[in-house]
Every structure is written in C-alpha cells, then in structure tokens.
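Naming convention: chains lettered A, B, ... in sequence-line order (proteins, then strands); numbering from 1 in each chain. The structure displayed is predicted, hence computed values, not measured ones.
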Number of protein chains: 2
Amino acid sequence: MTTQAEYLKNYDPRLFPSPLVTVDSVLFTVHGGKLCVLLAKRANHPFLDQWGLPGGFIDLQHDASTQATAERKLREKTGVVPPYLAQLASFSGPERDPRGWSLTTVYFALIAHADCQPHIIDVSDVAWVPLDSLQTQQLAFDHQTIVEAALQRLRQKTAYSMLPVYCLPAEFTLSQLQEVIEIILSHTVQRKSLMRRFDASEMFEETGERVATGARKARLYRRKAGVDMRNFSRNLMVE
Amino acid sequence: MTTQAEYLKNYDPRLFPSPLVTVDSVLFTVHGGKLCVLLAKRANHPFLDQWGLPGGFIDLQHDASTQATAERKLREKTGVVPPYLAQLASFSGPERDPRGWSLTTVYFALIAHADCQPHIIDVSDVAWVPLDSLQTQQLAFDHQTIVEAALQRLRQKTAYSMLPVYCLPAEFTLSQLQEVIEIILSHTVQRKSLMRRFDASEMFEETGERVATGARKARLYRRKAGVDMRNFSRNLMVE
DNA sequence: GGAATAGTGTCTGTAAGACACTATTTC
DNA sequence: GAAATAGTGTCTTACAGACACTATTCC
C-alpha cells in the first residue's frame with residue numbers, strides 16, 4: 001500500500017508507451033471570392049516539403065492546454081492569434097503518421113484575410129489555399145480528411161449562428177457578411193433573413209460611419225465587446 | 001539530407017516528451033426517472049478509491065483509434081458496447097492530472113439501462129450515479145467538468161434530434177421516448193410535436209406489436225436498420 | 001361507466017423564404 | 001435620370017406550441 005504522494009514520487013511517465021501527440025489547426029478565411037485554408041510547407045520529415053495544416057508538438061513547459069499550443073503555432077506562422085479558435089475534434093490511429101500511433105487535437109479558426117495577410121506575405125512556406133484546389137493537392141497525413149470535417153462544422157455553424165463575422169475585419173458591412181456566408185455555404189441567402197438574424201443576435205453595434213462599397217453607402221458595424229455567439233433555434237435553409 | 005525512410009528508421013519516439021494520454025467516456029442512461037452516468041471506482045493511483053469516468057490508456061498494439069479504446073474500456077466495465085458512442089472533445093493541461101501534463105479524449109455514449117444492468121450488477125466498483133447527486137460527490141481529475149460538458153452536448157442534441165432513443169431498449173413506445181427526453185431536458189415536451197418529429201425522422205418502424213405500459217396499449221417501434229440520425233432544422237423550445 | 005394512457009385534429013405563434021418596393025449614391 | 005447597391009414592407013410557408021378532442025384498455 002502506497003500513498004498517492006509516494007506513487008507520484010516514483011512515477012516515471014516513460015514507462016508507459018504513449019502515442020505521438022500533436023496539435024493542428026484549420027484556419028479559414030475568405031479571399032478573392034473563395035474560402036481558403038492556411039497551409040504550411042513541412043520543413044521536417046515525415047512528408048518533408050509537402051503541404052499540411054499548421055501545427056506541431058505541445059510545449060509541456062509552456063502550453064497551458066492544447067488550445068495554447070494551437071495559438072502559439074498559429075502565431076508562429078501568421079504573427080497573430082485568430083479572433084475565433086475552437087476545438088474541432090481529435091483524430092487518432094496507428095496509420096495516420098508513419099512514425100507510429102498518433103493523436104492530433106485539431107482546432108478550427110477564422111480570421112479576416114486582411115488581418116493576417118501582412119504577416120504571411122513573402123513567406124514561401126505558408127500559403128492561403130482555396131478549398132476547391134485541395135481536391136488535386138496531396139496533403140500530409142490525414143489532413144485532407146480533417147479539412148473536410150472542419151468545413152462541415154463551419155457550414156453547420158454558419159446555418160445557426162453569425163460565426164462568419166470572424167472572417168471579416170473589425171468593422172464591416174452587412175453586404176460583406178452576406179458575401180462570406182454565401183461563399184461558405186456555396187449558396188445564396190435571403191438578405192432580409194440575414195438582416196433579421198443580424199439584429200436579433202444583438203451581437204453587433206453600428207459604428208455610425210457609412211462606407212461606399214457599392215453604389216449607396218452601407219452602414220458599418222462592429223462586434224460588441226464581450227458578447228458571445230448567439231445560436232439561433234432554426235437553421236438557414238440549405239438545399 | 002536524409003530520405004523519409006532513413007528518418008523513420010532512426011526515429012525514436014522517446015526523444016520527444018509527451019503528455020500523458022488517456023481516453024474516457026461519459027456513458028449516460030435514464031433509470032428510475034433520473035439521468036445517470038456510469039462511474040468507476042479507481043483501482044489505482046492517482047485518486048485511488050475515488051469515483052471517476054470509465055477510461056484508461058490506449059493500447060497501441062490493438063486499438064485502431066481512441067474510439068476503439070473507449071469501446072474496449074466500456075466493454076470491460078459493462079460487458080457491452082453502447083449503441084451510441086461519439087467523440088465529445090479532448091481536455092488537456094498541466095494541472096488536471098497530478099502526474100503531469102495530460103490529455104484525455106472523451107467520448108459520450110448512451111445505452112438502455114436494461115441492456116447494461118445485467119453486466120454491472122454485483123460489481124462494486126462500477127455504478128450508475130444520478131446526475132443530481134454529482135454536485136456533492138468529488139470526482140477524480142476534472143471529470144466533473146467533463147460530465148457537465150457532456151450533459152450540455154446531450155441536451156443540445158436532444159433539442160434537434162432523436163438521440164435519446166439510444167437510452168431505450170431495441171423496442172420502445174413513444175411514451176417511453178417522451179419520458180427520457182423530458183428527463184434529459186428537465187422539461188416537458190409537447191407530445192404532438194414529438195410525434196410529428198418522430199414520423200418526419202423516418203428513423204423508426206413499427207414492430208406491429210402493442211404493449212400495455214399504461215391503460216391503452218401503445219405501439220412498439222424499433223430503429224430502422226442502417227439509417228442514421230436525422231437532424232432537424234429547428235430546435236425544440238427550451239425555456 | 002370511470003379512469004388512465006394512447007393518439008388525432010386543428011388553431012395559433014414564430015421566424016424563415018420570397019420578392020416587390022423605396023432610398024441613396026455615382027455616373 | 002439610369003444603374004447599382006442598401007435597406008424596408010409584407011405576404012407566404014414550415015413547423016413547433018397549445019390544447020381540446022377521440023380511441024382503447026383495465027377495473
């Protein structure tokens with residue numbers, strides 16, 4: 001019979017075989033009329049020189065959680081932490097990494113292209129890749145599957161929340177929001193329905209300014225400080 | 001410059017410090033008018049003799065995924081694999097396990113009490129605990145937080161799907177379904193609304209039999225083979 | 001027949017879809 | 001004023017809530 005203190009004193013984590021653990025992120029943005037995902041060219045084996053999701057190992061000394069790991073890795077690649085970052089799921093198995101049994105906890109994130117672009121310009125190993133060019137490209141590990149799962153989640157959430165605002169800069173117009181939503185859903189939405197939900201969400205406030213994106217000047221909005229995502233009890237129609 | 005083959009030949013996973021990785025499950029059932037969760041009394045340090053979620057280490061030789069680990073561990077505790085088992089999320093950090101930085105991938109599952117009970121009867125280290133008695137009880141690790149997250153997910157899904165059927169035996173009546181839904185939501189639901197959704201889901205078929213649970217005999221239903229969960233585009237009203 | 005549970009009919013309420021309408025701005 | 005985009009009014013539609021009604025079964 002040992003006490004917990006004695007047990008912990010003698011505990012050696014290397015005695016237990018452990019899977020290889022990583023954290024990866026699917027960072028989306030909308031740019032040039034297309035939904036894009038951030039990819040990084042791998043600088044190490046395995047899958048050296050192939051494109052894959054930005055991610056890496058947990059820093060056990062400094063990371064307070066896998067979310068912290070995801071934030072750190074994204075900051076390394078883009079210079080910023082995206083305004084929306086949430087856990088997607090974990091993917092695991094003996095085959096997905098040639099080094100052996102592995103587990104990756106995946107986060108999915110959104111950012112405005114403009115808020116990220118200055119940092120990744122001229123960096124040849126990080127790129128925004130439109131989702132429709134991913135069909136042909138061969139991604140490292142099971143990252144193709146992961147991106148598809150993230151896309152599905154993004155579309156689901158877009159149907160019952162205002163999540164896509166995180167693809168926009170701090171100040172934005174309703175038309176810009178409508179555009180990113182339609183790009184994400186690959187589907188037009190009723191402007192009137194969008195406006196009703198936009199108001200009902202109580203997540204946004206007018207800046208007071210108006211900008212001319214098209215003909216008539218549009219109101220500028222920003223997210224209210226400290227309010228969290230409103231989930232609607234009905235979905236927008238998809239198909 | 002090494003090839004990937006050379007790299008893999010020389011790769012030693014022990015060179016990378018790794019978090020402690022476990023898999024845990026939140027298995028729900030409804031029994032005695034209450035939502036219950038399966039707990040196991042810990043046979044090892046840390047938290048020896050305290051109650052916690054059933055789970056454990058991945059068997060790198062035999063488990064094809066963390067889902068397989070969850071299934072194996074639940075089969076060890078209950079003798080069966082529950083009819084519904086899906087990933088909830090992963091929880092991680094340096095503080096949640098006294099042995100050090102740890103990560104647990106958590107699954108949440110549903111089963112009919114009758115389909116499980118024969119196996120855990122007379123086993124003193126596994127028990128169904130009503131959720132309302134969990135407030136007082138001190139669970140191992142961060143398992144209290146995890147159960148709360150699982151409960152939230154269960155309620156969400158109950159609002160837009162027929163998920164609670166997995167708390168019922170293979171053949172069940174509408175009244176039984178209504179009962180488990182109301183227990184999960186802590187809230188009555190309109191029988192008529194439930195019936196409309198039940199029909200619309202196209203997930204079920206009549207067995208042809210009728211049983212007397214109350215006065216008038218009720219139709220028996222079973223899940224159609226091979227159909228998957230239908231998600232409704234509206235939520236049931238909660239509050 | 002009365003009590004209890006199973007199941008139906010149907011009206012109301014809410015929020016999305018559809019789409020015509022008005023408003024503002026640039027040319 | 002024409003064209004284009006921003007924003008409104010309002011009718012329709014889908015489906016959940018409410019609740020009274022009928023049906024079946026046991027005593």
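Ionic pairing of A:E71 and A:R75 is not present here: no N-O contact between side-chain nitrogen and carboxylate oxygen is shorter than 4.0 angstrom. Salt bridge B:E205/B:K224: absent, no basic N to carboxylate O contact under 4.0 Å.
Proximity note for B:R197 (side chain, C-beta onward) versus D:dG7, D:dA16, C:dA16: the nearest is D:dA16. Of the candidates D:dA16, D:dT8, D:dA4, D:dT8 carries the atom nearest the A:M195 side chain, counting heavy atoms from C-beta on.
Ring orientation note: the planes of B:F172 and B:F204 are nearly perpendicular, at an angle over 60° on the 30°/60° scale.
Backbone-only engagement by A:S175 is indicated by non-hydrogen atom pairs under 4.0 Å involving sugar-phosphate atoms exclusively. Nucleic acid contact for A:A218: sugar-phosphate only, since backbone atoms but no base atoms lie under 4.0 Å from a heavy atom of the residue.
To the nearest angstrom, C1' of D:dT24 lies 11 Å from CZ of B:R219. Summarising the geometry, the separation between CD1 on B:I181 and C1' on D:dA16 is reported as 14 Å, rounded to the nearest angstrom. Between the CZ atom of A:R210 and the P atom of C:dT25 there is a distance of 7 Å, given to the nearest Å. For the pair A:K217 NZ and D:dA4 P, the interatomic distance rounds to 20 Å; values are reported in whole Å. The CZ atom of B:F232 sits 12 Å away from the P atom of D:dG17 (whole-angstrom rounding). If you take CZ of A:R234 and P of D:dC15, they are 10 Å apart, rounded to a whole angstrom. Between A:R191 atom CZ and D:dG9 atom P the separation is 15 Å, expressed in whole Å. Taking atom CZ of residue B:F198 and atom C1' of nucleotide D:dC15, one finds them 18 Å apart after rounding to whole Å.
Residues B:V26 and B:D24 are not in side-chain contact: their nearest non-hydrogen atoms beyond the backbone lie 4.5 Å or more apart. At a threshold of 4.5 Å between non-hydrogen side-chain atoms, the residues B:W128 and B:C116 count as touching.
The stretch residues 156-173 of chain A has no heavy atom under 4.0 angstrom from DNA chain D at all.
Comparing A:A212 and A:L236 along DNA chain C, the residue whose closest nucleotide (by nearest heavy atom) sits nearer the 5' end is A:L236.
Relative to the axis of its first five pairs, the axis of the last five pairs of the helix from C:dG1-D:dC27 to C:dC27-D:dG1 sits at 10°, rounded to 10 degrees.
Every residue meeting the side-chain hydrogen bond (donor to acceptor under 3.5 Å, both in side chains) condition with B:Q178, not counting sequence neighbours, appears here in chain and number order: B:E182, B:R191. When the side-chain hydrogen bond (donor to acceptor under 3.5 Å, both in side chains) test is applied to A:N235, no partner is found at least two apart in sequence or on another chain.
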Write down the protein N/O and nucleotide N/O pairs, taken from nucleotides 18-22 of chain C, whose separation is under 3.5 Å; answer none if there are no such pairs.
| from | atom 1 | to | atom 2 | distance (Å) |
| --- | --- | --- | --- | --- |
| C:dA18 | OP2 | A:Q190 | NE2 | 3.0 |
| C:dA18 | N7 | A:Q190 | OE1 | 3.2 |

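Side-chain rings of A:F28 and A:Y166 stay apart, their centers remaining 6.0 Å or farther from each other.
Counting only distance, with no hydrogens or angles, the side chain of B:R234 and the backbone of A:S233 share no donor-acceptor pair below 3.5 Å.
For the ring pair (Phe, Tyr, Trp, His ring centres under 6.0 Å) condition, the pairs that include at least one residue of residues 142-162 of chain A, sequence neighbours left out, are A:F141-A:H143.
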